[in-house]
Amino acid sequence: MKTILDTVGPPLAHRNGPLQENGAVHSEGQHIKWIVDITIAYQNGRPLDIQTLVSAWRPPYPTTLHYRCFPISEVPQDEEGLTKWLYQRFEEKEQLMSHFYSTGQFPPGSKRPGTKTTDKAVEITFSPWWMLSIHLFYLCSTALHWHTFSTMLQWIS
């Protein structure tokens with residue numbers, strides 16, 4: 001995350017133009033303004049697995065999202081402060097998940113503005129036909145590229 005903040009975070013130093021501490025050029029006004037923290041909870045603790053993504057044969061199931069927006073000004077820029085800040089977020093996530101799996105929902109309300117939770121669980125569905133079409137597109141695209149590159153290599157040699 002430190003690398004991301006160094007690259008697209010707010011400018012830290014302005015010497016002969018917008019330079020970062022690591023020496024990377026930073027465009028004025030072209031930086032992130034928010035960090036969005038999303039916690040995803042699955043009913044009965046059954047998250048998506050690779051077989052579901054590939055085959056799409058799992059029936060729809062409720063998924064609940066909890067997200068918070070942190071202004072970039074609240075995120076520490078130094079490595080040690082950023083590490084502590086991230087550990088605090090993960091500790092909060094553990095508490096959120098513990099509350100969710102004991103009650104079936106995220107805790108109501110929040111001490112900070114910018115925190116939102118989906119009111120109801122959202123059912124995520126995967127159409128087997130959609131997944132099949134994506135896989136067929138990938139296979140056809142790969143075959144087309146293979147044919148194109150092999151033809152180009154034959155012309156070169």
Point to revise | Among E92, K93, R89, the one residue meeting side chain to side chain contact (heavy atoms under 4.5 Å, CB included) with T39 | key: K93

Practice item. List the atom of A41, the atom of F106, and the distance in Å for their closest heavy-atom pair. Key: CB-CZ, 3.7 Å

Exercise for review: Give a yes or no on whether the backbone of H99 and the side-chain of T103 come within a donor-acceptor separation of less than 3.5 Å.
Suggested key: yes

Review point. Going only through I, L, V, M, F, W and Y residues with side-chain contacts under 4.5 Å, is there a path from W129 to L136?
Key: yes

Review point. Which heavy-atom pair separates C69 from V36 by the least distance, and what is that distance?
Key: SG-CG2, 4.2 Å

Review point. Side chain of T83, backbone of E79: donor and acceptor closer than 3.5 Å?
Key: yes

Study note, to complete from the structure: One should read off an interatomic distance between F149 CZ and T151 OG1, to the nearest 0.5 angstrom, of 10.5 Å

Exercise for review: Mind telling me whether W85 and F70 have parallel, tilted or perpendicular rings, with 30° and 60° as the class edges?
Suggested key: perpendicular

Study note, to complete from the structure: d(L139 CG, I134 CD1) to nearest 0.5 Å is 12.0 Å

Review point. Should the heavy atoms of other residues, nucleotides or ligands under 6.0 Å from CD of E80 be counted, would the total exceed 12?
Key: no

Check your understanding: Would I38 and F100 show up in the same hydrophobic cluster when neighbours are defined by side-chain heavy atoms closer than 4.5 Å?
Key -> yes

Point to revise | Closest heavy-atom pair and its distance - I35, I32 | key: CD1-CD1, 3.9 Å

Review point. Is a donor on one side and an acceptor on the other found under 3.5 Å between the side chain of H147 and the backbone of A143?
Key: no

Point to revise | OG-CH2 distance between S150 and W155, expressed to the nearest 0.5 angstrom | key: 11.0 Å

Exercise for review: Mind checking the NE2-CG spacing from H135 to L132? Nearest 0.5 Å is all I need.
Suggested key: 7.5 Å

Check your understanding: Do Y101 side-chain atoms and Y42 backbone N/O form a donor-acceptor pair below 3.5 Å?
Key -> yes

